[in-house]
**Q** 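Before we start, here is the structure in question, set down as structure tokens.
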Amino acid sequence: MATKRVVIIGSGFGGLFTAKGLRRSDVNVTLISKTPNHLFQPLLYQVATGILSEGSIAPATRDILKRQSNARVETGLVTGIDTTNRILTQRFHDEEKQTPYDRLIVAAGAGQSYFGHDEFETFAPGMKTIDDALELRARIFWAFEMAEVEPNPAERARLLTFVVVGAGPTGVEMAGQIRELASTTLVGQFRTIDPQDARVVLIDGSHQVLGAFGPKLGAATQRSLERKGVEVVLNAIVTDVTADAVTYQPQGAEQPVTVGSRCKVWAAGVRGSELGALLAEQTGCELDRAGRVIVNPDLTLPKHPEISVIGDLAFVPGVPGVAQGAIQEAKYVAHRIALASAGQPVPEEPFSYFDKGSMATISKFSAVVKIGKIEFTGFLAWVAWLFLHLLYIAGFKSRITTLLHWFISFLGTGRTERVSTNQQMVGRLALESLGQKVTGKLLRGEKGGTSEPRTTA
């Protein structure tokens, strides 16, 4: 059989493991991603709170695949998919290129959902990209810096109040680490303020934290957070986010509650990449309420067996939006493509997900783990969390640097990655105001962008 052109969109777990799964197949693999790195999203919160550097969790995709001769990596933002002629259109800065394909795997991931209130994003960044983590790092550390020189007590209180929206794993981990940062790392480093006076408020519309972990672990996590000083607010819907405050409506209460805060983190909800809507327009496939593509049992699109959607962009019943789901889907798709390229029959068995469990950290030496019916918390859970996450970090160098950073942060109180700049804090907002296709112009010394809507595809 002639060599096939396999194009993969996305360099996350789904895209990377699909490419690696085809390393011995008679296919040419082109992996296209809007960033040149493979991002280990579960550790973004540690970049945001100064524990890890971005390089530790985002090794270069080219470096990972450099020994795979049938794979090439291209950096570009996919802006169009012609499913009739099987051609992708991608853009790198303001230069466009077209790439033909025989098989297409879309693993473009998901972004943050603000549940119809995208204006909240201006004041409450999400936690999906390296840029998000670096912006939040700047907002968190600069809040303490500004509080140190703020003469107004009310404004100082707003600066020292951190609100995290969403009590899933990311929200719990962020709230716990900000509390730990204020209670240990920064103690004694300021003269006007006491960092221990900082408030950390965790808000969620559910009745428990870590809803997917069950009531026992959810209750244990809440108790642990509250012992450390995190204020947990449940059964409350956020109704407004401004530069200076977060307003939420408690269930059953007549009046909303407003918390003054200058630094907010949004960790609630996900929405599929814009490529999902593009595929729906081109193929007629359906999307769920979060913009994820509803796929066939074999992860292909209806009437388009040449296109597979995997990872966070795919809606597959029973498969959570975690790394393990994307990895298993990638291996399944890669195996089927490998069989087809070798001229062997492809079995009709549908994709089946094997749940290897869930885990989340609360703070130093404390975590929760759920593996089937087995549930445990505390130090042993924290060690299990460390081991598993270290295992999934791509590259030996990244594992070693991560271990060294963890050693410094967890065995002491210091954090090695506290560099933050004004550019990190406002860069996203500045680029949004300039519009799309502006990067190339700025690099050429030109000014201005376009009025095209912002995209995260």
**Q** Among R418, E135, M174, whose side-chain contact (heavy atoms from CB on, under 4.5 Å) with I140 holds?
**A** M174

**Q** For R292, is there an ion pair with E286 - N to carboxylate O distance below 4.0 angstrom?
**A** no

**Q** With no hydrogens and no angle check, do the side chains of T416 and H405 hold a donor and an acceptor under 3.5 Å apart?
**A** yes

**Q** Would you compute the distance between atom CG of D132 and atom CD of Q41 and round it to the nearest 0.5 angstrom?
**A** 9.0 Å

**Q** For G214, does its backbone N or O pair with a side-chain atom of Q208 as donor and acceptor, under 3.5 Å?
**A** yes

**Q** In the structure I gave you, are the side-chain heavy atoms of N422 and W142 within less than 4.5 Å of one another anywhere?
**A** yes

**Q** Any donor-acceptor pair under 3.5 Å linking the side chain of S433 with the backbone of A430?
**A** yes

**Q** Would you call the rings of W266 and F115 parallel, tilted or perpendicular if under 30° counts as parallel and over 60° as perpendicular?
**A** tilted

**Q** Does a donor on one side chain and an acceptor on the other come within less than 3.5 Å for T221 and S224?
**A** no

**Q** Do any pairs count as a ring pair (Phe, Tyr, Trp, His ring centres under 6.0 Å) and have a residue in residues 159-208, sequence neighbours left out, and if so which ones?
**A** F144-F162

**Q** How about S363 and K228: does a side-chain donor come under 3.5 Å of a side-chain acceptor?
**A** yes

**Q** For residues M359 and V368, determine if any side-chain heavy atom of one lies less than 4.5 Å from a side-chain heavy atom of the other.
**A** no

**Q** Hey, what do you get for CG (L43) to CD (E173), rounding to the nearest 0.5 Å?
**A** 8.0 Å

**Q** Contact between L429 and T122 at the side-chain level, heavy atoms closer than 4.5 Å - yes or no?
**A** yes

**Q** I'd like to know whether CZ of R444 has more than 12 heavy-atom contacts from other residues, nucleotides or ligands below 6.0 angstrom.
**A** yes

**Q** Which heavy-atom pair separates A182 from P195 by the least distance, and what is that distance?
**A** CB-O, 3.3 Å

**Q** So does T184 get a backbone contact from the side chain of E180, meaning a donor-acceptor N/O pair under 3.5 Å?
**A** no

**Q** State, to 0.1 Å, how close L136 and A48 come at their nearest heavy-atom pair, and which atoms those are.
**A** CB-CB, 4.1 Å

**Q** Side-chain contact, heavy-atom cut-off 4.5 Å: L299 with N296?
**A** no

**Q** Hey, does the side chain of T49 reach the backbone of Y45 with a donor-acceptor pair shorter than 3.5 angstrom?
**A** yes

**Q** Determine whether the side chains of T361 and W382 contain a donor N or O and an acceptor N or O closer than 3.5 Å.
**A** no

**Q** Parallel, tilted or perpendicular: which describes the rings of Y353 and F351, with under 30° parallel and over 60° perpendicular?
**A** tilted

**Q** Give a yes or no on whether the backbone of G111 and the side-chain of R271 come within a donor-acceptor separation of less than 3.5 Å.
**A** no

**Q** Would you call Y248 and V233 a side-chain contact if the rule is heavy atoms closer than 4.5 Å?
**A** yes

**Q** Under the salt bridge (Lys or Arg N to Asp or Glu O under 4.0 Å) rule, collect the residues that match up with R179, sequence neighbours excluded.
**A** none

**Q** Is D355 paired with K370 through a side-chain N to carboxylate O contact shorter than 4.0 Å?
**A** no

**Q** Show the numbers, then the answer: is there a side-chain contact (heavy atoms from CB on, under 4.5 Å) between I105 and V7?
**A** CA-CA 6 Å; I105 295 88; V7 175; over 6 Å; no

**Q** Is there a donor-acceptor contact under 3.5 Å linking the side chains of H117 and E119?
**A** yes

**Q** One pair to check against side chain to side chain donor-acceptor pair (under 3.5 Å): R415 and Q177. What are the steps and the verdict?
**A** CA-CA 11 Å; R415 305 204 176 191; Q177 282 303 317; 2.8 Å; yes

**Q** Do you know the tightest heavy-atom contact between L31 and G15?
**A** CD1-O, 3.7 Å

**Q** With rounding to the nearest 0.5 angstrom, report the CG to CD distance, L160 to E148.
**A** 10.0 Å

**Q** Just how far is it from atom CG of L225 to atom CD of Q222, taken to the nearest 0.5 Å?
**A** 8.0 Å

**Q** Could you walk me through whether V270 and D312 satisfy the side-chain contact (heavy atoms from CB on, under 4.5 Å) test, starting with their C-alpha distance in whole Å, then the side-chain angles of each, then the deciding distance to 0.1 Å, before giving a yes or no?
**A** CA-CA 9 Å; V270 296; D312 289 346; over 6 Å; no

**Q** Taking the six-membered ring for Trp, are F13 and F40 parallel (under 30°), tilted (30 to 60°) or perpendicular (over 60°)?
**A** perpendicular

**Q** Would you mind reporting whether T99 and K97 have side-chain heavy atoms less than 4.5 Å apart?
**A** yes

**Q** Return the minimal non-hydrogen interatomic distance between A167 and V172, and the atom names on each side.
**A** O-CG2, 3.6 Å

**Q** Please check if the number of heavy atoms outside L443 that lie under 6.0 Å from its CG is greater than 12.
**A** yes

**Q** What distance do E74 atom CD and Q90 atom CD have between them, rounded to the nearest 0.5 Å?
**A** 5.0 Å

**Q** Given 3.5 Å as the limit, does a donor-acceptor pair link the side chain of N37 with the main chain of A58, or not?
**A** yes

**Q** Does the pair S33 and S11 meet the rule for a side chain to side chain donor-acceptor pair (under 3.5 Å), with working shown?
**A** CA-CA 6 Å; S33 177; S11 60; 3.0 Å; yes

**Q** Quick check for you: to the nearest 0.5 Å, what is the distance between I8 atom CD1 and I310 atom CD1?
**A** 7.5 Å

**Q** Please find the pair of heavy atoms, one from L39 and one from K128, that lie closest to each other, and give the distance.
**A** CD2-O, 3.6 Å

**Q** Between R91 and E96, does any side-chain N to carboxylate O distance fall below 4.0 Å?
**A** no

**Q** Check this for me, if you would: do E155 and R262 make a salt bridge, where the nitrogen-to-carboxylate-oxygen distance has to be below 4.0 angstrom?
**A** yes

**Q** Which atom pair, heavy atoms only, marks the closest approach of A330 to G14?
**A** CB-O, 3.3 Å

**Q** Does any part of the side chain of T401, heavy atoms only, come nearer than 4.5 Å to the side chain of L403, both counted from C-beta?
**A** no

**Q** Give a yes or no on this: more than 12 heavy atoms of other residues, nucleotides or ligands lie within 6.0 Å of atom CD of Q196.
**A** yes

**Q** For a 4.5 angstrom cut-off between non-hydrogen side-chain atoms, does V163 reach V165?
**A** yes

**Q** Evaluate the criterion side-chain contact (heavy atoms from CB on, under 4.5 Å) for residue pair L279 and V106; output intermediate values, then yes/no.
**A** CA-CA 10 Å; L279 285 171; V106 185; 4.0 Å; yes

**Q** Any donor and acceptor pair, going by atom type alone, linking the side chain of E329 with main-chain N or O of G311 inside 3.5 Å?
**A** yes

**Q** Among residues two or more places apart or on two chains, list those pairs meeting side chain to side chain donor-acceptor pair (under 3.5 Å) that have a residue in residues 250-260.
**A** T247-T258

**Q** Could you go step by step and tell me if L442 and L434 meet the side-chain contact (heavy atoms from CB on, under 4.5 Å) rule?
**A** CA-CA 10 Å; L442 291 174; L434 290 171; 4.0 Å; yes

**Q** Is it the case that the side chain of T421 and the backbone of Q424 share a donor-acceptor pair, with hydrogens and angles ignored and the cut-off at 3.5 Å?
**A** yes

